[in-house]
There are 2 protein chains.
Amino acid sequence: MSDDKVTLAHVARLAGVSMITVSKVLNNKGRISEATRARVLQAANQLGYVANSAARSLRGRPTQILGMVIPELVSPYFAEVARAAADSASQMGYDLAVFTTSRDPERERERVGTLLGGLADGLVFVVPIGAAGFLATLERSRSPVVLVNHFGAPTHLPVVRADSFEGSLAAVRHLIALGHRRIGFVSGAAHSSQAAERLRAYRECMMAAGLWDEQLVRPGDFTQGRGVEAGHELLSLENPPTAIFAASDLTAFGVIAAARSRGLRVPEDLSVVGFDDIPAAAHSHPGLTTVAHPIPAMARAAVELIARAMAGEKVRDVLIEFPSELVVRDSSAPPPAPGDRRKSP
Amino acid sequence: MSDDKVTLAHVARLAGVSMITVSKVLNNKGRISEATRARVLQAANQLGYVANSAARSLRGRPTQILGMVIPELVSPYFAEVARAAADSASQMGYDLAVFTTSRDPERERERVGTLLGGLADGLVFVVPIGAAGFLATLERSRSPVVLVNHFGAPTHLPVVRADSFEGSLAAVRHLIALGHRRIGFVSGAAHSSQAAERLRAYRECMMAAGLWDEQLVRPGDFTQGRGVEAGHELLSLENPPTAIFAASDLTAFGVIAAARSRGLRVPEDLSVVGFDDIPAAAHSHPGLTTVAHPIPAMARAAVELIARAMAGEKVRDVLIEFPSELVVRDSSAPPPAPGDRRKSP
DNA sequence: CTTTTTAGAGTTAACGTTAACCCATAACCT
DNA sequence: AGGTTATGGGTTAACGTTAACTCTAAAAAG
């Protein structure tokens, strides 16, 4: 009942021809008579033959597969990136093989090797926090590689990324324009260059407006849980903020949860702005004011860049940067009039 | 500057040893002197050597990679399944390679072949609408395979799935218990067996309660857009429903949007219940009453099953079914008192 | 001082597929 | 008839890696 692997040899024997003939039929190469072709296809079907892609790719054939290495799929941001890329790839006739690495550098290296070592024709590498230590290796590789959201060490590899600075600037300016003077900030993970950009924008803007106060900045890690903690920390200050800018939407949700648990209303008592514009931001109540990365556009650009590289085009040193954009929803409003604010316990 | 692929041979030449020695060092096999080992590692590093996984797997070595073939990542349900599986796999020391097929049967076959043909040690196949036509082929394969959410033709392959019937029953009963008598239903995609189960539960429950009316059932396709349309259709009936059960959360959001655009409040004027419990369901306003599949548990079960199969255990004919569960939030409430309801234009 | 053991390295062959040739046969020219 | 060209198909030799041996020299045992 259960054969082992079915190989070309099995099909060939059943069809009464050589392996090569089978290979030619299956790849539509060379000249084969209709009769032989039919016999081979029938035999292949009967045996349930499926080509061994490892052997095939070892022989140097393109696989029509694009690889993606991404830190994780758990956070909505990365999930969005993966699905957008899968979409774009599919539209261009490629399939996307998505690998997660849990941010383990050893795994990153391995997975990149797996993909470039024959499995995939090209690689989209979504750079994790802290960037990869083996970009040099990647540069040396002949295979087309595109880095997504790389902000680290300079490289000749093509990069597609979304700006975090301008969008963050817009967010803080928005809050200042609404009349806020005490604006808290919950930052992203320590080694994320995206997080650094967001903090830099906040700092620059606050300093320029003469509103800078180190107490208003709390470390974060992009998670919701940390948002809750940081929210409580900020709201416990003796001169608490009337608005909080969080470096991710999840963190912003955490801040909102913290505020509510203290009896504060959003946005009447506290304005909250997030970053990422994950789908939940639009569906939450109140709708979350946030900064959006154009993820589908980025994904499309990355896939297109890969395709161009595979077509032989030179893409060294290409850098495509997408602007981030402030999306104003309902979680930001003017600060409460002095004395009008509910006191948090 | 740019070498071609770096192979064992290159490393071997640089280190002044044979390829085999290099292989042994890199795989920690055989006896190698410390001096040689160090020399080889240094050479490998210097050249940026990465093993060619195609060749390696061709040779029969396990890859520590689990494959997942899934229709798409665009809908939150599938995205959740993928991320949960990646999580479980990672915890068990495996990596998950996720392939999307856009529901193209040809592609499914190809991708399954790619994965089983050396790339992956096992396969989690999330069965698309209408099931796969090549389960027989899969059954014959020696590689461990688990089907997720398979409801189609009987198979000996192990299956992990979530029930849709009981949860749907609970949802409709919940609405009836609240006092609703006119309960609409927007179904899922035509060929989805999950959708069929949900419809079957609705029909059975409504008939048992003497509330069945064919007019109240509208075809759907799991999308939000179709939810909007179907919502309008149902609310335009001369005797419109006071509650609508949608076969997916996205569709439910569409129904809510339709209701709001007609000036109806949810849940005061119209109760809405979804299915899936996607993350947005918890964050939306009002929180969506819905039926939850225990996706993380399913994913874990699937991965564990694969692991057991790889360990040699017999898993033929295993069927693990998880119950679905009604999650009551704020989008369902008693129907408005007669005459009290806002009229939709 | 010979024999046995063992550490350390190398040889051979094979995994499944296919590119690049090569070899028949038959049909077509001049 | 002798040569040329299609046509249909087979041979050979890799792709990069590694399992299972084999070989060598030196250390340990007798």
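All values derive from a computational prediction rather than experimental measurement. Lettering follows sequence order; numbering is per chain, from 1.
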Visitor: When the nearest nucleotide of DNA chain C is assigned to Gly60(B) and to Glu34(B) on a heavy-atom basis, which residue is associated with the more 5' position?
Guide: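 The residue whose closest nucleotide sits nearer the 5' end is Glu34(B).
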Visitor: Just the rounded figure in Å: distance from P of dC15(C) to CG of Leu8(A).
Guide: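 The answer, rounded to whole Å, is 13 Å.
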Visitor: Locate the shortest heavy-atom distance separating Val127(A) from Asn149(A); write the atom from each residue and the value.
Guide: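 Result for this residue pair: CB-O, 4.1 Å.
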Visitor: Between Asn27(A) and Lys29(A), is there a donor-acceptor pair closer than 3.5 Å when you use the side chain of the first and the backbone of the second?
Guide: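 No, the answer is negative, given that no donor and acceptor are paired below the 3.5 Å cut-off.
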Visitor: Test side-chain hydrogen bond (donor to acceptor under 3.5 Å, both in side chains) on Gln194(A) and Arg161(A) and set out the steps.
Guide: CA-CA 10 Å; Gln194(A) 295 263 10; Arg161(A) 68 188 190 194; over 6 Å; no
Visitor: In whole Å, I'd like the distance from the CZ atom of Arg31(B) to the C1' atom of dC21(D).
Guide: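 So the two atoms are 15 Å apart, to the nearest Å.
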Visitor: Given dA19(D), dG8(C), dG16(C), identify the nucleotide with an atom nearest to the side chain of Ser33(B).
Guide: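 Output: dG8(C).
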Visitor: Would you say the side chain of Lys24(A) and the base of dG8(D) hold a donor-acceptor pair, judged only by whether the two atoms sit under 3.5 Å apart?
Guide: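 Donor-acceptor pair under 3.5 Å: no.
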Visitor: Would you say Asn52(B) places a side-chain N or O within less than 4.0 Å of OP1 or OP2 belonging to dC15(D)?
Guide: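 So the side-chain polar atoms of Asn52(B) never come under 4.0 Å of the phosphate oxygens OP1 or OP2 of dC15(D).
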Visitor: Indicate, with a heavy-atom threshold strictly under 4.0 Å, whether Ala9(B) touches base, sugar-phosphate, or nothing.
Guide: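 Counting heavy atoms under 4.0 Å across all strands, no contact is made by Ala9(B).
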Visitor: Whole angstroms only, please: what is the CD1-P distance between Ile20(B) and dC23(D)?
Guide: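 Taking atom P of dC23(D) as the reference, CD1 of Ile20(B) is at 16 Å.
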Visitor: Looking across every strand, which nucleic acid part, if any, lies under 4.0 Å from Ile32(A) by heavy atom: base, sugar-phosphate, or nothing?
Guide: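 Sugar-phosphate: the residue Ile32(A), judged by heavy atoms under 4.0 Å, touches backbone atoms but no base.
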Visitor: If you only use heavy atoms from C-beta on, which nucleotide in dG10(D), dT7(D), dA19(D) is closest to the side chain of Thr21(A)?
Guide: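 The listed nucleotide nearest to Thr21(A)'s side chain is dG10(D).
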Visitor: Please figure out whether Thr7(A) or Val17(B) has its closest DNA chain C nucleotide nearer the 5' end.
Guide: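 Residue closer to the 5' terminus by nearest nucleotide: Val17(B).
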Visitor: Does Arg56(B) get its side chain close enough to the base of dT17(D), under 3.5 Å, for a donor-acceptor pair?
Guide: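 No such pair is found, so the answer is no.
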Visitor: With nearest nucleotides of DNA chain D determined for Lys29(B) and Leu58(B) from heavy-atom distances, which residue corresponds to the more 5′ nucleotide?
Guide: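 That would be Leu58(B).
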Visitor: To the nearest angstrom, how far is Arg61(B) atom CZ from dA20(D) atom C1'?
Guide: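 These atoms are roughly 15 Å apart.
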Visitor: Between atom OH in Tyr49(B) and atom P in dG16(D), what is the gap in whole Å?
Guide: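 Distance check: Tyr49(B) OH to dG16(D) P gives 10 Å.
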Visitor: What integer distance in Å separates Arg13(B):CZ from dG10(C):C1'?
Guide: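 One finds 17 Å between C1' of dG10(C) and CZ of Arg13(B), rounded.
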Visitor: What nucleotide among dT17(C), dG9(D), dA20(D) has an atom nearest to a side-chain atom of Thr36(A)?
Guide: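 Looking only at side-chain atoms, Thr36(A) lies closest to dG9(D).
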Visitor: Looking only at non-hydrogen atoms, find the nearest pair between Val303(A) and Ser88(A) and report the distance.
Guide: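 For Val303(A) versus Ser88(A), the nearest heavy atoms are CG2-CB, 4.0 Å.
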Visitor: Can a donor-acceptor pair under 3.5 Å be found between the side-chain atoms of Arg59(A) and the base atoms of dA14(D)?
Guide: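 When only heavy-atom distances are counted, Arg59(A) does reach the base of dA14(D) through a donor-acceptor pair under 3.5 Å.
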Visitor: Between C1' on dT11(C) and CE on Met19(B), what's the gap in Å once rounded to a whole number?
Guide: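 Spelled out: CE on Met19(B) to C1' on dT11(C) is 11 Å.
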Visitor: What is the separation between atom CG on Leu26(B) and atom P on dT17(D), rounded to the nearest whole Å?
Guide: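 To the nearest whole Å, that distance equals 9 Å.
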Visitor: Test your reading of the model: is there a side-chain donor-acceptor pair from His10(A) to the backbone of Thr7(A), 3.5 Å cut-off?
Guide: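 Flag set: sc His10(A) to bb Thr7(A) pair under 3.5 Å.
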